[in-house]
Amino acid sequence: MLQTTSVKEALASASPREDFLVRGWVRTRRDAKTFSFLELNDGSCLKNLQVIADAALPNYAEIQRLTTGASVSVRGQLVPSQGQGQKWEVKAAAVEIIGTADATYPLQKKGHTPEFLREIAHLRPRSNLFGCVFRVRSRLAFAVHQFFQERGFAYVHTPIITGSDCEGAGELFRVTTLDLKNPPRREDGEIDSAKDFFARPTYLTVSGQLEAEAFACALSKVYTFGPTFRAENSNTSRHASEFWMIEPEMAFCDLRGNMGLAEEFVKYLIRDVRTHCAEDLELFAKFVDKGLLERLDFVLDRPFQRVSYTEAVELLTQSGHKFEYPVEYGTNLQSEHERYLTEQHFKCPTTVYNYPKEIKPFYMRLNDDDRTVTAMDVLVPGIGEIIGGSQREERLDVLQTSMARHHLDPKDYGWYLDLRRYGTVPHAGFGMGFERMLMFVTGVSNIRDVIPFARTPGNAAF
RNA sequence: UGCCCAGUAGCUCAGCGGUAGAGCAGGUGACUGUUAAUCACUUGGUCGCUGGUUCGAUCCCAGCCUGGGCAGCCA
């Protein structure tokens, strides 16, 4: 049987080809006097392959009824195109119609809004924009692994079902097999989780960090890359209930090393997509974000800005810029503050580090000033926080004090404390939102448009 | 969850206190190595839902639903 050639391979062909097979979906059809032009797309690349279907074909009447969305298999010759705009085209010897698409097919050859396409999530990857998004997503995921594998990091699969809530990381989805209508109850009337599947309350993970720490304190350099779940009622363009997160964790590493890795990582990903997804990025630059390529290149060209939280607060206070919310030491930076720093003041990715301990989670390492912890946030123009991380508290007594201050029961963190009891070591890591990185790299401004089937509050239809 | 904006044909949108229009898509025909082809004709709407005001509501008001933007939570 004749092997299928992808549209991508066909368009990149160095020479004409006899007896050649392509399969895909019709994007549009144009009739000429004695033949019909079919624009064939198979998702292997943005471009379509032009097929010449001659009127002499036995099923020409059916071919002339082909509409946008139909699937076909085309056998023929790959020949130089007589027309402008493409190097190669297919002179069809046979066009087999596999599946028709009637007039109700919602995708048209005109452009659609992303909002409309979200309502047909099962069909939107057939659009130019989403085809590009998901090819880039695939490449970006590959680049993530490549980056860490090249540097000797081990890929760790941390659990998706977890009994720990990684304090401070948000609301959790409960995982249970109990009968919701009639759950077993204890004598005090509370639901008896001891009778649940895992004999304890369990949740979908909000972070693999704590588990990654255990593996970093064994394999030295590790990373996770997997789905993450947050049950927050967040309705913004940059939050999803299910998203993918990358969490490197390094033993014998401090905050400085952590910031260095984060910066290197971001640049690596940009460079990789820039070279391997050039055609897709051009579509984004044309239709989504005119300044995309300049901005990506700008980021590659210079070091990230680094400012301590204290410096950032001073800088914002003295900026003379009117903010809706006041800038005050000891409170979290508001989105508008972060945006000012990265978009207006520095105009480049900015790493803010050493935050007051009061506003950060228990596991972050306390600085010698006793006021700040080694937190770091990487802010990026247009999106805001893309990475959040820290050096971890490796000193058992300091960690215990911190947990007490956060009203956490040490009994719930026994194994985590063990890591400090036995061969503790300075270590650090961060979490990168994969979709946020994808948004940055594509210019697509809504996280729902960079996830194949987005889960957000009130929405899991597909 | 809060604040703001929107909902009119399959899609994008215009319009108006007297029950609606364009472009594209679909259909028919013409033309053509075309490129989101072109030209002519044409089908298509309980104007988001429920109430209220009014002689009369798609238009004004209220509530609800859906979508979007921003904020909080964070990645």
**Item:** Sorted by number, the residues of residues 260-274 of chain A with heavy-atom contact under 4.0 Å to RNA chain B
**Value:** none
**Request:** Output yes when A:R365 and A:D254 qualify as a salt bridge under the 4.0 Å nitrogen-oxygen rule, no when they do not.
**Result:** no
Between N or O atoms, less than 3.5 Å apart, protein on one side and nucleotides 38-44 of chain B on the other: list the pairs.
none

**Item:** Salt bridge flag under 4.0 Å for residues A:D280 and A:R139
**Value:** no
**Prompt:** With rounding to whole Å, what would you report as the distance between B:G21 and B:G15 at their P atoms?
**Reply:** 15 Å
**Prompt:** Under 4.0 Å between a side-chain N or O of A:T236 and OP1 or OP2 of B:C70?
**Reply:** no
**Request:** Take A:T28 and A:A240, find for each the nucleotide of RNA chain B with the closest heavy atom, and name the residue whose nucleotide sits nearer the 5' end.
**Result:** A:T28
**Message:** Mind checking if A:Q84 touches a base, just sugar-phosphate, or nothing, with heavy atoms under 4.0 Å?
**Reply:** base
**Message:** Closest-nucleotide mapping onto RNA chain B: is A:D377 or A:R238 further toward the 5' terminus? I mean the 5' end.
**Reply:** A:R238
**Request:** Report yes or no: does A:H337 contribute a side-chain atom to a donor-acceptor pair with the main-chain N or O of A:Q334 at less than 3.5 Å?
**Result:** yes
**Request:** State whether the distance check finds a donor on one side and an acceptor on the other, under 3.5 Å, for side chain A:R436 versus base B:C74.
**Result:** yes
**Request:** Quick one: sort the A:H112 and A:F116 rings into parallel, tilted or perpendicular, breaks at 30° and 60°.
**Result:** tilted
**Complete:** A:L49 atom CG is separated from B:U34 atom C1', nearest whole Å, by 15 Å
**Item:** Between B:C3 (C1') and A:N233 (CG): distance, integer Å
**Value:** 15 Å
**Message:** Applying a 4.0 Å non-hydrogen cut-off, can you work out what A:R29 is touching in the nucleic acid: base, sugar-phosphate, or nothing?
**Reply:** nothing
**Message:** Please verify the inter-ring angle class for A:F225 with A:W244; under 30° counts as parallel, over 60° as perpendicular, anything in between as tilted.
**Reply:** perpendicular
**Item:** Sequence-aligned protein contact record of nucleotides 25-33 of chain B, with B where the base is within under 4.0 Å of a protein heavy atom and S where only the sugar-phosphate is
**Value:** SS-----BB
If you restrict it to nitrogen or oxygen atoms, what contacts under 3.5 Å exist between nucleotides 12-14 of chain B and the protein, and what is each distance?
residue: B:U12; atom: OP1; partner: A:T113; partner atom: OG1; Å: 3.2

**Message:** Base, sugar-phosphate or nothing for A:N235? Non-hydrogen atoms, less than 4.0 Å.
**Reply:** base
**Request:** Note every stem involving RNA chain B: at least three consecutive Watson-Crick or G-U wobble pairs, i with j then i+1 with j-1, with both distances under 3.5 Å.
**Result:** B:1-7 with B:65-71, B:10-13 with B:21-24, B:26-30 with B:38-42, B:48-52 with B:60-64
**Between B:A36 and B:A25 - C1' atom distance, rounded Å** = 11 Å
**Prompt:** Would you say A:F243 has more than 12 foreign heavy atoms packed within less than 6.0 Å of its CZ?
**Reply:** yes
**Item:** Per A:R118 side chain, nearest of listed nucleotides B:G72, B:G67, B:A71
**Value:** B:G67
**Asked** Between A:R135 and A:S44, which heavy-atom pair has the shortest distance, and what is it?
**Response** CD-O, 3.8 Å
**Shortest non-hydrogen separation from A:L341 to A:T350 and the atoms involved** = O-OG1, 4.1 Å
**Request:** Have a look at A:R27 and say if it touches a base, only the backbone sugar-phosphate, or nothing, with a 4.0 Å heavy-atom cut-off.
**Result:** nothing
**Asked** Using atom P of each nucleotide, how far apart are B:G18 and B:C60 to the nearest Å?
**Response** 11 Å
Counting only pairs under 3.5 Å, give me each side-chain donor-acceptor contact of residues 63-70 of chain A, with atom names and distances, residues two or more places apart or in other chains.
residue: A:T67; atom: OG1; partner: A:A101; partner atom: O; Å: 2.4
residue: A:T68; atom: OG1; partner: A:R27; partner atom: O; Å: 3.0

**Asked** When we call it a touch if two heavy atoms are under 4.0 Å apart, what does A:I447 touch: a base, just sugar-phosphate, or nothing?
**Response** base
**Interatomic distance, A:N128 CG vs B:C11 C1' [rounded to whole Å]** = 16 Å
**Message:** Give me the distance, rounded to whole Å, that separates B:C61 from B:A20 when you measure between the C1' atoms they each carry.
**Reply:** 23 Å
